[in-house]
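Scroll down for the structure; my scribbles are underneath it.
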Amino acid sequence: MLFAERGWRVFELSRHGAESTKEVIHVTCDVCSEESCRKAMEEVLTKTDHIDVVISNAGFGISGAVEFTEIQEVEHQMDVNFLGAVRFTQAVLPQLRKQRSGRIIYTSSVAAILAVPFQAFYSASKAAINALALSLANELRPFGISVSVMMPGDVSTSFTDARHKSAAGEQIYTAAKKAVSAMERDERAGMQPVQMAKLFYHIATCRSPRPQYVGGFGYRVLCFLERLLPKRLVNWIEYKVYS
């Protein structure tokens, strides 16, 4: 709503969105379907002939030990979080190239940099988004299109309750339950979504957007330290936090 409140025409794309309003127009879109993404963009372009900013935000989380996570769950995680972003990008790029302008902003996560134990596949999906964005930015540079990722820390949203949790192997990986509980406690006590909306707005409107942004001052400090400290030390600290 922040963009709409500041005069932007907003299209909200999702499988089960709310009814369209004067400020926000709902368009049905399932990022797991190439056809759905294509049709969604066709519908958007019947209502506008220019797209200024695209925010790719679809995603969910799974948790559990790598050894005992069903491959189907892994595939679904990557299908929504990573391939969903790819499908949506491929659907919107013809219009952005045609107008030779626009900004793409992907929602990644601090977990892409500080990989969380028992959330390995979520972390991997977000690390893949970071790599996609950096590569795509150079592909699109000649067309005047910028690409950025926004990596939030813990944010208090319905994401926590929607996580697919597996207890398989917890009798072996005894730290799993505690790690997931600590993670969810931090999420529920996390930042409010409006803080992230303001950062999205900054990325959308600043003169020259950076490739990567981290949401939350404390998380920016952590990501800065991650670049300075030895990887072994950083990983050991994470082990102590979640064990």
Side-chain angles (χ1 to χ4, degrees), residues 56-86 105-136 148-157 159-160 162-170 172-191 196 199 210-243:
S56 176
N57 193 48
F60 78 105
I62 65 174
S63 65
V66 169
E67 181 181 353
F68 291 96
T69 302
E70 297 287 342
I71 291 299
Q72 292 89 339
E73 278 283 273
V74 180
E75 290 173 340
H76 185 44
Q77 176 81 107
M78 300 302 291
D79 193 35
V80 175
N81 290 16
F82 178 64
L83 292 179
V86 173
I105 308 172
Y106 293 106
T107 302
S108 179
S109 172
V110 169
I113 294 175
L114 298 167
V116 182
F118 306 107
Q119 200 175 198
F121 300 111
Y122 176 77
S123 295
S125 73
K126 293 304 184 178
I129 288 289
N130 285 10
L132 170 70
L134 288 171
S135 180
L136 185 63
S148 300
V149 295
M150 199 276 275
M151 298 179 283
D154 292 316
V155 182
S156 180
T157 68
F159 178 91
T160 303
R163 178 177 284 113
H164 295 190
K165 292 186 287 188
S166 171
E170 283 187 354
I172 298 171
Y173 293 94
T174 54
K177 187 173 182 179
K178 179 184 175 183
V180 173
S181 295
M183 182 173 57
E184 295 192 336
R185 182 182 63 248
D186 290 343
E187 288 170 351
R188 291 193 171 94
M191 298 173 287
M196 298 302 99
L199 182 51
R210 301 196 306 268
Q212 295 182 344
Y213 292 80
V214 178
F217 176 76
Y219 299 100
R220 288 196 294 273
V221 172
L222 288 174
C223 290
F224 175 74
L225 291 175
E226 188 275 339
R227 294 199 300 269
L228 296 179
L229 298 174
K231 295 290 185 185
R232 178 181 295 182
L233 176 59
V234 172
N235 226 29
W236 179 81
I237 292 171
E238 283 207 77
Y239 168 73
K240 298 301 289 185
V241 170
Y242 291 107
S243 63

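Throughout, numbering of the chain's residues begins at 1 and tracks the sequence. Quantities reported herein were computed from a predicted structural model and do not represent experimental measurements.
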Discussion item. Checking the side chain of Ser181 only, and the main-chain atoms of Lys177 only, is there a donor and an acceptor separated by less than 3.5 Å?
Written reply: yes

Item to complete: Could you please spell out the steps behind the side chain to side chain contact (heavy atoms under 4.5 Å, CB included) verdict for Cys223 and Val110?
Response: CA-CA 8 Å; Cys223 290; Val110 169; 4.0 Å; yes

Response to the item:
Heavy-atom nearest pair, Ala127 first then Ala112, reads N-CB, 3.5 Å

Fill in: Side-chain heavy-atom pair Glu73, Phe121 within 4.5 angstrom cut-off
no

Fill in: From Tyr213 atom OH to Ser108 atom OG, the distance as rounded to the nearest 0.5 Å
14.5 Å

Response to the item:
Quick note, salt bridge (charged side-chain N to carboxylate O under 4.0 Å, His left out) partners involving residues 215-232, not counting sequence neighbours, are Glu226-Lys231

Worksheet item: Short question: side chain of Gln77, backbone of Ile62 - any donor-acceptor pair under 3.5 Å?
Response: yes

Worksheet item: Does any non-hydrogen side-chain atom of Leu132 lie less than 4.5 Å from one of Val86?
Response: yes

Worksheet item: Ignoring hydrogens and geometry, is there a side-chain-to-backbone donor-acceptor pair from Thr160 to Glu184 under 3.5 Å?
Response: no

Discussion item. Working to the nearest 0.5 angstrom, can you tell me the gap between Met150 CE and Ile129 CD1?
Written reply: 13.0 Å

Discussion item. Can a donor-acceptor pair be found, under 3.5 Å and without considering hydrogens, that links the side chain of Ser63 to the backbone of Lys165?
Written reply: no

Discussion item. Show the nearest heavy-atom pair for residues Ser56 and Ala85, with the distance to one decimal.
Written reply: OG-CB, 3.7 Å

Discussion item. Rounded at 0.5 Å granularity, tell me how far OG in Ser125 sits from CG in Leu83.
Written reply: 10.5 Å

Worksheet item: According to the ring-ring contact (aromatic ring centres under 6.0 Å, His included) rule, which pairs have a member within residues 58-78, sequence neighbours left out?
Response: Phe60-His76, Phe60-His164

Fill in: Within-4.5 Å side-chain heavy-atom neighbours: Tyr242 and Phe118
no

Discussion item. Rounded at 0.5 Å granularity, tell me how far CD in Glu238 sits from CG in Leu233.
Written reply: 11.0 Å

Discussion item. Using side-chain heavy atoms (C-beta onward) and a distance below 4.5 Å, is Leu134 in contact with Gln212?
Written reply: yes

Worksheet entry | Any donor-acceptor N or O pair under 3.5 Å, side chains Tyr106, Asn130 | no

Worksheet item: Can you tell me how far OG1 of Thr107 sits from CG of Asn81, rounded to the nearest 0.5 angstrom?
Response: 10.5 Å

Worksheet item: Does Lys126 use its side chain to pair, donor to acceptor, with the backbone of Ile113 at less than 3.5 Å?
Response: no

Worksheet item: Shortest non-hydrogen contact from Pro152 to Met196?
Response: CB-SD, 3.7 Å

Worksheet item: With side chains defined as the heavy atoms from C-beta onward, is the minimum distance between Tyr219 and Met191 less than 4.5 Å?
Response: yes

Worksheet entry | Nearest heavy atoms of Ala65 and Tyr173, plus distance in Å | CB-CD1, 3.7 Å

